[in-house]
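For reference, the structure discussed in these notes is given below.
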Amino acid sequence: MKTAPLVHHLDSFLQYLVVHRRLSKNTVDSYASDLHFFFEFLQQQEVSTVDAITPELARSFLAACYQKNINSRSNARRLSALRAFFDYLVVHQIRLDNPVADIDSPKIVSGLPGILTVTEVDQMLVLPKKQSPLILRNWAMLHLLYATGIRVSELVTLPVRDCSVTSGHVRVLGKGDKERMIPFNETAGKRIDDYLSTARPSLLGKRTSPYLFVTGRGGKMTRHRFWQILKEIVAAQGIAKPVSPKTMRHSFATHLLAGGADLRAVQMMLGHTDIATTQIYTHVDKGRAKELHQRFHPRG
């Protein structure tokens, strides 16, 4: 078994995560991505069997990551993936030991997440004069993402039945299959209504889809495609700073709390298990986003 190709062990481990640990696809994909970098490193070092992997080799890999300016949080995640992978090999008697068991995780310095200013959000949310089904879809997604603070994975998999323009709520099934109801404001509701009434039927044609947001060919939207769309909007709207779907989520939370929202209410809307995760957003100047909260946020 030890002489089997490394990729065989990786495939077996990922299958184990799906079948036995029943992890979500996104979590398994994250493991696969982190381990992929390690396997690339092993290939460069001409290491082809699991029993040839030493603690020194694992440390060299992490050192190489730092040299490529990979941050501590990402390195900690990669080390965690390595620990899980080698634990699996030990349990299944493929290796006698875990070569990363004694490697300390890098210290992660907590910092405030990047957020948008009032002016930048204004720029982002203005609907272009020239409109098309794709433009209406893109801005409906953008408004809903900011108005609710949902994760991009939740946005692209949101069923059309779970979004009610009439009541101004979305029903989200988040991590751990925990359900939460999140309100959105009239502006977001108008963008979604315009998309549902004209753009979505145009994109679908004679096709059907259970998902709220669909591609130009009527298929399911993906996280990667929305990230591309967001980058295009950022460039077109003249936003200078880097913006990701998480930026919109961070801005949502920060602006709500800056406007006086209850911390536990924001925790519920974000789907955080631990309120300490939500508290990071309280360390922001409360005066900088009040106007934005009143204009764009749920029930603002």
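Note that the numbering runs from 1 along the sequence shown for the chain.
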(request) For the residue pair L17 and Y31, establish whether any side-chain heavy-atom pair is separated by less than 4.5 Å. (result) yes
(message) Given 3.5 Å as the limit, does a donor-acceptor pair link the side chain of Q123 with the main chain of Q237, or not?
(response) yes
(request) With the side chain counted from C-beta on, respond yes when L127 and R191 share a heavy-atom pair under 4.5 Å apart, and no when they do not. (result) yes
(message) So W139 and I233, do their side chains get closer than 4.5 Å, heavy atoms only?
(response) yes
(message) What I want to find out is whether R180 reaches E154 closely enough, with some N-O distance under 4.0 Å, to be called a salt bridge.
(response) yes
(request) Step by step, work out the side-chain contact (heavy atoms from CB on, under 4.5 Å) result for L212 and L196. (result) CA-CA 8 Å; L212 177 60; L196 285 172; 3.5 Å; yes
(request) Can you establish whether the number of heavy atoms outside R217 located under 6.0 Å from its atom CZ is more than 12? (result) no
(request) Ignoring hydrogens and angles, tell me if any N or O in the side chain of S60 forms a donor-acceptor pair with the backbone of E56 under 3.5 Å. (result) yes
(message) Please check: side-chain N/O of S33 versus main-chain N/O of D29, any donor-acceptor pairing under 3.5 Å?
(response) no
(request) Inspect the surroundings of CG in D262 and state if more than 12 heavy atoms from other residues, nucleotides or ligands are less than 6.0 Å away. (result) yes
(message) Would a single hydrophobic cluster contain both M141 and L204, if residues Ile, Leu, Val, Met, Phe, Trp and Tyr are joined by side-chain heavy-atom contacts under 4.5 Å?
(response) yes
(message) Using a 3.5 Å distance criterion without hydrogens, assess whether the side chain of H169 forms a donor-acceptor pair with backbone atoms of D162.
(response) no
(message) Show the nearest heavy-atom pair for residues V47 and L57, with the distance to one decimal.
(response) CG2-CD2, 3.7 Å
(request) Consider only side-chain N and O atoms of T254 and S251, and report whether a donor and an acceptor are under 3.5 Å apart. (result) no
(request) Indicate yes or no: at least one non-hydrogen side-chain atom of M269 is less than 4.5 angstrom from one of T148. (result) no
(message) I want to know whether Y195 and F213 have ring centres closer than 6.0 Å.
(response) yes
(request) Please work out whether the ring planes of Y88 and H92 are parallel, tilted or perpendicular, with thresholds of 30° and 60°. (result) tilted
(request) Apply side-chain contact (heavy atoms from CB on, under 4.5 Å) to V156 and T222, showing your working. (result) CA-CA 6 Å; V156 299; T222 65; 6.0 Å; no
(request) Might you work through the side-chain contact (heavy atoms from CB on, under 4.5 Å) test for M124 and V234, ending with a clear yes or no? (result) CA-CA 7 Å; M124 290 280 290; V234 168; 4.0 Å; yes
(request) Verify the cluster assignment for F86 and F41: are they in a single hydrophobic cluster under the rule of side-chain heavy atoms below 4.5 Å apart? (result) yes
(message) Same cluster or not: L142 versus L134, using hydrophobic residues (I, L, V, M, F, W, Y) connected whenever any side-chain heavy atoms lie under 4.5 Å apart?
(response) yes
(request) Answer yes or no: is there an ion pair linking R77 with D34, defined by an N-O contact shorter than 4.0 Å? (result) yes
(request) Treat each ILVMFWY residue as a node, draw an edge where side-chain heavy atoms are under 4.5 Å apart, and state whether V100 and V90 are in one component. (result) no
(message) Quick check: do K241 and E120 have side-chain heavy atoms less than 4.5 Å from each other?
(response) yes
(message) If you count heavy atoms of other groups shown closer than 6.0 angstrom to NZ of K220, is the number above 12?
(response) yes
(message) Check whether R249 reaches the backbone of G149 with its side chain - one donor and one acceptor, N or O, closer than 3.5 Å.
(response) yes
(request) Spell out, as yes or no, whether a donor-acceptor pair under 3.5 Å connects the side chain of R207 to the backbone of L203. (result) yes
(request) Taking D193 for its side chain and G189 for its backbone only, find out whether a donor-acceptor pair lies under 3.5 Å. (result) no
(request) Take atom CD of Q228 as the centre, draw a 6.0 Å sphere, and report whether it contains more than 12 heavy atoms from other residues, nucleotides or ligands. (result) yes
(request) Taking S30 for its side chain and N26 for its backbone only, find out whether a donor-acceptor pair lies under 3.5 Å. (result) no
(message) Does any part of the side chain of F13, heavy atoms only, come nearer than 4.5 Å to the side chain of L89, both counted from C-beta?
(response) no
(message) Any heavy-atom pair between the side chains of L158 and C163 that's under 4.5 Å?
(response) yes
(request) State, with a plain yes or no, whether a side-chain heavy atom of V18 is found less than 4.5 Å away from one of L14. (result) no
(request) Verify whether the ring centers belonging to F85 and F39 lie closer than 6.0 Å. (result) yes
(message) Taking the basic N atoms (NZ, or NE/NH1/NH2) and the acidic carboxylate oxygens, is any pair closer than 4.0 Å for E40 and K68?
(response) no
(request) May I ask you to check if R78 and F38 form a cation-pi contact, with NZ or CZ under 6.0 angstrom from the six-membered ring centre and within 45° of the axis? (result) no
(message) Whether R83 and D87 form a salt bridge (side-chain N of Lys/Arg under 4.0 Å from carboxylate O of Asp/Glu) is what I want to check.
(response) no
(request) Could you tell me which non-hydrogen atom of A199 sits nearest to which non-hydrogen atom of P133, and how far apart they are? (result) CB-O, 3.4 Å
(message) I'd like to know if the side chain of T49 pairs up with that of D51 as donor and acceptor (distance under 3.5 Å, no hydrogens or angles considered).
(response) yes
(message) Looking at S153, is its backbone amide N or carbonyl O close enough to the side chain of R151 to form a donor-acceptor pair, meaning the two atoms are under 3.5 Å apart?
(response) no
(message) Other residues, nucleotides and ligands only: do more than 12 of their heavy atoms fall within 6.0 Å of CZ on R59?
(response) yes
(request) Identify whether M268 and M181 are in the same connected component of the hydrophobic contact network (ILVMFWY, side-chain heavy atoms under 4.5 Å). (result) no
